[in-house]
Enquirer: 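Sharing a structure below in structure tokens format, with a few things to ask.
As the structure is a computational prediction, the values presented were derived from the model and not from experiment. The chain is numbered in sequence order, starting from 1.
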Amino acid sequence: MHQIIRHSFWLIAVVILSSGCRKDEECLPSQRQDVDSLNDGLSYRDTALVGTFIPFMLPCNGHPELCDRRIDELSVAMTHNAHAHSGTFSPLAANQNGDVLAQLNAGIRGLNIKPYWTANGSCGNSSQGLYLYHGSPILGCEPLENFLDVVYDFLTQHPRECIILTIEGDASAQRLDSIFNYTGLSSLMYDHIGGNWPTLTAMISTNKRLIVLSDRQDAESFIGQHRMWSHVVDVNYDNQNVNQFDCQFDRGNPEGAFFLLNHFLTNVTPQSGSAGQTNSYGLLYSRALECWNSNSKRPNFIMVDFFATGDVVQVVDSLNLLH
């Protein structure tokens with residue numbers, strides 16, 4: 001009987017594997033091929049962690065290999081001022097060369113935003129509300145609701161993806177709670193009450209796939225909001241050139257679960273012309289390893305400007321090969 005069951009299982013498997021479906025249709029390659037042939041039709045992000053192909057296992061954040069690892073055991077690519085993109089913001093304030101949907105589609109899984117409570121038409125609005133801007137609203141403004149709607153739609157359309165959202169700015173935790181409820185994101189927000197942080201599998205199986213870390217003092221008073229600097233430590237974020245990059249802890253809790261590696265340049269304004277060097281594979285990967293080794297702490301959030309220039313997603317995939 002066991003042999004019959006086993007043979008039936010493999011017969012079903014052969015039928016599935018020979019169906020010719022593409023990977024992006026959540027079908028499997030036709031056989032366990034050698035790595036080179038398996039890689040032929042896939043992007044770098046599909047193959048960076050393929051090392052040993054794991055059959056019959058659905059991906060988590062794009063890779064089956066990540067499913068059983070805790071979120072604090074992984075690295076994610078994060079965009080600094082994710083809302084401030086060159087499509088609608090002045091070059092004096094734009095930190096990104098693509099909007100939030102473009103970022104998520106490219107493999108960004110960490111978003112940093114700065115929401116503010118605005119009134120008196122400062123963002124072109126006729127009434128008060130929550131808006132995202134960088135430095136000054138006259139350099140660009142976006143309703144927080146619109147941004148969160150994109151995140152909500154992405155998560156509902158991609159049920160095996162998990163996202164980290166870090167929040168600065170002056171919006172109160174109570175107002176943030178209200179808009180999370182209004183946009184529906186509250187239903188997807190993970191609430192950490194102590195102990196180990198969850199694996200990606202646990203987040204996916206419970207459909208709690210958004211972790212929110214806020215610098216608001218009262219963040220912990222609201223379900224799904226976590227006081228950022230209790231759980232995160234970072235390094236200096238005020239660098240004018242790459243020679244100023246270092247690995248010394250700056251803000252936050254060195255004993256916290258997450259290490260935020262600020263890796264961008266600001267010389268009065270965001271430095272788009274330097275992004276090719278700043279975000280290059282060699283510089284970014286070597287700095288991440290240096291800071292990991294010197295602090296004995298994995299860089300969890302690799303925060304960059306101008307995500308579409310350089311290799312931040314590839315660097316994160318390489319870091320995730322290192323358990």
Side-chain angles (χ1 to χ4, degrees), residues 76-104 106-108 110-118 120-125 130-144 146-147 150 164-171 213-215 228 232 234-248 250-252 260-284 287-288 291 299 301-313 315-316:
V76 300
M78 177 174 282
T79 42
H80 172 228
N81 288 326
H83 54 284
H85 63 91
S86 54
T88 58
F89 281 69
S90 162
L92 299 176
N95 293 96
Q96 302 303 329
N97 44 1
D99 63 17
V100 62
L101 182 58
Q103 295 169 36
L104 293 170
I108 300 297
L111 304 169
N112 165 254
I113 59 173
K114 293 183 174 67
Y116 298 88
W117 181 256
T118 68
N120 304 320
S122 57
C123 275
N125 53 313
L130 286 169
Y131 284 79
L132 298 162
Y133 59 84
H134 176 204
S136 169
I138 66 173
L139 301 177
C141 235
E142 179 180 356
L144 176 58
N146 293 358
F147 184 95
V150 175
I164 308 288
L165 183 66
T166 66
I167 300 176
E168 299 172 80
D170 72 359
L213 299 161
S214 169
D215 71 351
M228 183 192 303
V232 178
D234 77 348
V235 294
N236 180 36
Y237 60 87
D238 186 18
N239 299 292
Q240 288 77 53
N241 61 71
V242 298
N243 295 323
Q244 293 181 327
F245 285 145
D246 63 38
C247 297
Q248 289 186 315
D250 187 12
R251 300 171 296 178
L260 165 59
L261 185 66
N262 294 307
H263 189 86
F264 51 86
L265 302 179
T266 304
N267 189 358
V268 182
T269 63
Q271 300 296 294
S272 60
S274 301
Q277 178 191 15
T278 308
N279 296 346
S280 66
Y281 188 95
L283 177 61
L284 183 48
R287 184 184 181 214
C291 292
F301 311 148
I302 312 297
M303 185 184 283
V304 300
D305 282 348
F306 307 106
F307 78 98
T309 302
D311 308 297
V312 62
V313 173
V315 167
V316 163

Enquirer: Just wondering, do Leu261 and Val235 contact through their side chains at under 4.5 Å, heavy atoms?
Expert: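 In contact.
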Enquirer: Does some side-chain heavy atom of Thr278 sit less than 4.5 Å from a side-chain heavy atom of His263?
Expert: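 They are in side-chain contact.
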Enquirer: Is the count of non-hydrogen atoms from other residues, nucleotides or ligands lying under 6.0 Å from Gln277 atom CD greater than 12?
Expert: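 For Gln277, atom CD is not crowded (no more than 12 foreign heavy atoms under 6.0 Å).
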Enquirer: Using a cut-off of 6.0 Å, state whether more than 12 heavy atoms not belonging to Gln244 lie near its atom CD.
Expert: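 Check passes, neighbour count above 12.
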Enquirer: Are side-chain heavy atoms of Asn112 and Thr166 found at a separation under 4.5 Å?
Expert: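 Sidechains of Thr166 and Asn112: in contact.
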Enquirer: Nearest 0.5 Å, what's the OG-NE2 distance between Ser90 and His134?
Expert: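 That separation rounds to 11.0 Å.
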Enquirer: Atom CZ of Arg251 and atom CG of Asp234: how far apart are they, to the nearest 0.5 Å?
Expert: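 Spacing of CZ (Arg251) from CG (Asp234) equals 4.0 Å.
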Enquirer: Tell me the closest heavy-atom pair linking Pro299 and Ile302, and the distance in Å.
Expert: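 Here Pro299 and Ile302 meet closest at CB-CD1, 3.6 Å.
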Enquirer: Test side-chain contact (heavy atoms from CB on, under 4.5 Å) on Asn81 and Phe89; report intermediate values, then the result.
Expert: CA-CA 11 Å; Asn81 288 326; Phe89 281 69; over 6 Å; no
Enquirer: Is the Phe264 ring parallel, tilted or perpendicular to the His80 ring (thresholds 30°, 60°)?
Expert: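 Parallel.
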Enquirer: For Pro270 and Pro91, which heavy atoms make the closest approach, and how far apart are they?
Expert: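 Scanning both residues completely, I find the closest heavy atoms to be CD-O, 4.3 Å.
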Enquirer: May I ask you to test the Leu144-Tyr131 pair for a side-chain heavy-atom distance under 4.5 Å?
Expert: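 The answer is no; the side chains never approach within 4.5 Å.
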Enquirer: With heavy-atom distances below 4.5 Å as the criterion, would you say the side chains of Leu284 and Asp311 are in contact?
Expert: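 No, their side chains stay 4.5 Å or more apart.
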Enquirer: Please report the interatomic distance CG(Asn146) to NE2(His83), rounded to the nearest 0.5 Å.
Expert: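 It comes to 13.0 Å.
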Enquirer: Rounded to the nearest 0.5 Å, what's the gap from CE on Met228 to CD on Glu168? Could you check?
Expert: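 Separation between the atoms: 5.0 Å.
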Enquirer: Is the backbone of Thr266 close enough, under 3.5 Å, to the side chain of Gln271 for a donor and an acceptor to pair up by distance?
Expert: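 No: the side chain of Gln271 does not pair with the backbone of Thr266.
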Enquirer: Contact between Gln96 and Asp305 at the side-chain level, heavy atoms closer than 4.5 Å - yes or no?
Expert: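 Yes - at least one pair of side-chain heavy atoms lies under 4.5 Å apart.
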Enquirer: Going by heavy atoms in the side chains, are Val242 and Leu265 under 4.5 Å from each other?
Expert: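 Contact flag for Val242/Leu265 side chains = yes.
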Enquirer: Do Leu104 and Leu111 come within less than 4.5 Å of each other through their side chains, counting heavy atoms only?
Expert: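 Yes, at least one pair of side-chain atoms sits under 4.5 Å.
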Enquirer: Please find the pair of heavy atoms, one from Ala77 and one from Val312, that lie closest to each other, and give the distance.
Expert: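 Nearest pair, atom of Ala77 first, then Val312: CB-CG2, 3.8 Å.
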Enquirer: For residues Phe307 and Ala106, report the shortest heavy-atom separation together with the two atoms involved.
Expert: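 The answer is CE1-CB, 3.8 Å.
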Enquirer: To the nearest 0.5 Å, tell me how far Asp246 CG sits from Cys291 SG.
Expert: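 If we round to the nearest 0.5 Å, Asp246:CG and Cys291:SG are 7.5 Å apart.
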Enquirer: Between Gln103 (side chain only) and Gly98 (backbone N and O only), is there a donor and an acceptor less than 3.5 Å apart?
Expert: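 Side chain of Gln103 to backbone of Gly98, a donor-acceptor pair under 3.5 Å: yes, one is there.
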Enquirer: So which heavy atom on Phe306 is nearest to which on Asn279, and how close?
Expert: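 Minimum heavy-atom contact is O-ND2, 3.2 Å.
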Enquirer: Flag yes if more than 12 heavy atoms outside Ile138 fall under 6.0 Å of its CD1 atom; otherwise flag no.
Expert: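 No, not enclosed.
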Enquirer: Between Leu260 and Met78, which heavy-atom pair has the shortest distance, and what is it?
Expert: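 Leu260 and Met78 have their closest heavy atoms at CD1-SD, 4.3 Å.
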Enquirer: Could you label the plane-to-plane angle of the Tyr133 and Tyr116 rings as parallel, tilted or perpendicular, counting under 30° as parallel and over 60° as perpendicular?
Expert: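 Geometry flag for Tyr116 against Tyr133: parallel rings.
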Enquirer: Roughly how far, to the nearest 0.5 Å, is the CG atom of Leu101 from the CZ atom of Phe147?
Expert: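 Here the rounded value is 10.5 Å.
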